[in-house]
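For reference, the structure is listed below as structure tokens.
None of these values were measured; they are calculated from a predicted model. Every heavy atom of this structure was used, including side-chain atoms; hydrogens, water molecules and symmetry mates were not.
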Amino acid sequence: MTGNLDSPDTLLLGRYDRRGRLRYTGRTHPLGAQQRAELGGMLSPLRPSNRRGGTVCPWPETLPASWSGQLDRPEPLPYVQVELVVVVEIEADVAFDHQRLRHRVRYIRARPDVSTYDVPLLLGEEEGYFGEP
């Protein structure tokens, strides 16, 4: 997420691939005040013990601009790593590039009734990720 834990500006989205690796898939539009308040109470900082393992959030410390759709700003995007337990419902178009949503998505609501492992794989993932067998 970007911003701070109490009031996130945007969410960075990920899905697990068929091998259990977390893959970056997109970013939300800026969140409204009510959405920030709702999510602020659900997000927890990444525990230091997990940070050392490197497997909880395998993304770079700052995201490359191309990952987050910042085509007008070439600077990498700093973000806050959080525990990967919150599932959200989003509204997105169907444009994908390299298994990532090309455009920012609209946050609908948090889904505390859904586990991160219940989120379906990306379309085409059953055939491999980035050409992997």
Side-chain angles (χ1 to χ4, degrees):
M1 53 141 280
T2 63
N4 61 59
L5 285 172
D6 296 329
S7 183
D9 294 329
T10 65
L11 298 179
L12 305 179
L13 309 172
R15 283 185 168 178
Y16 290 102
D17 67 15
R18 64 187 169 101
R19 294 186 177 138
R21 294 174 294 194
L22 182 67
R23 300 294 188 163
Y24 177 84
T25 55
R27 181 177 174 196
T28 66
H29 283 286
L31 301 170
Q34 185 175 357
Q35 296 167 329
R36 290 174 189 226
E38 173 189 39
L39 287 165
M42 302 175 95
L43 300 173
S44 302
L46 187 62
R47 291 187 298 259
S49 61
N50 289 340
R51 190 181 305 264
R52 277 184 273 131
T55 58
V56 173
C57 189
W59 307 338
E61 292 278 330
T62 56
L63 293 184
S66 61
W67 279 31
S68 60
Q70 296 184 121
L71 302 178
D72 58 332
R73 277 185 31 209
E75 304 89 31
L77 177 68
Y79 68 99
V80 177
Q81 291 186 355
V82 297
E83 290 295 322
L84 304 173
V85 296
V86 177
V87 175
V88 299
E89 184 176 331
I90 60 168
E91 183 178 282
D93 63 25
V94 294
F96 281 91
D97 281 329
H98 305 291
Q99 297 293 328
R100 295 185 194 119
L101 296 160
R102 185 182 306 164
H103 305 117
R104 289 192 187 189
V105 301
R106 189 168 68 90
Y107 169 85
I108 303 294
R109 63 185 173 132
R111 292 294 308 266
D113 58 319
V114 178
S115 161
T116 56
Y117 295 100
D118 293 332
V119 176
L121 300 176
L122 291 174
L123 294 175
E125 172 58 14
E126 63 278 357
E127 296 155 10
Y129 200 86
F130 293 112
E132 296 173 359

[X] [atom1] to [Y] [atom2] distance, which is reported to the nearest 0.5 Å:
X: Gln81; Y: Leu84; atom1: CD; atom2: CG; answer: 8.0 Å
X: Arg36; Y: Leu11; atom1: CZ; atom2: CG; answer: 10.5 Å
X: Gln35; Y: His29; atom1: CD; atom2: NE2; answer: 11.0 Å
X: Arg111; Y: Asp118; atom1: CZ; atom2: CG; answer: 10.0 Å

### Test log, rule side chain to side chain contact (heavy atoms under 4.5 Å, CB included), inputs Leu77 and Arg27
CA-CA 11 Å; Leu77 177 68; Arg27 181 177 174 196; 3.6 Å; yes

Over all atoms of both residues, closest heavy-atom pair of [X] and [Y]:
X: Tyr107; Y: Leu31; answer: CB-CD2, 3.6 Å
X: Pro45; Y: Leu5; answer: CD-CD1, 3.5 Å
X: Pro8; Y: Leu43; answer: CG-CD1, 3.9 Å

### Query
Does Thr116 use its side chain to pair, donor to acceptor, with the backbone of Val85 at less than 3.5 Å?
no

### Message
Over 60° means perpendicular and under 30° means parallel, so tell me whether Trp59 and Tyr24 are parallel, tilted or perpendicular.
### Response
perpendicular

### Query
Mind checking what makes side-chain contact (heavy atoms from CB on, under 4.5 Å) contact with Pro112, not counting sequence neighbours?
Met42, Ala110

### Task
Any chance you could pull the hydrophobic cluster mates of Val119, using side-chain heavy atoms under 4.5 angstrom and chaining through other members?
Val87, Val114

## Note on the structure
Contacts of Arg109 meeting salt bridge (Lys or Arg N to Asp or Glu O under 4.0 Å) (sequence neighbours excluded), chain-then-number -> Glu89

### Passing candidate, side-chain contact (heavy atoms from CB on, under 4.5 Å) with Thr28, options Thr2, Asp9, Thr10, Val88
Thr10

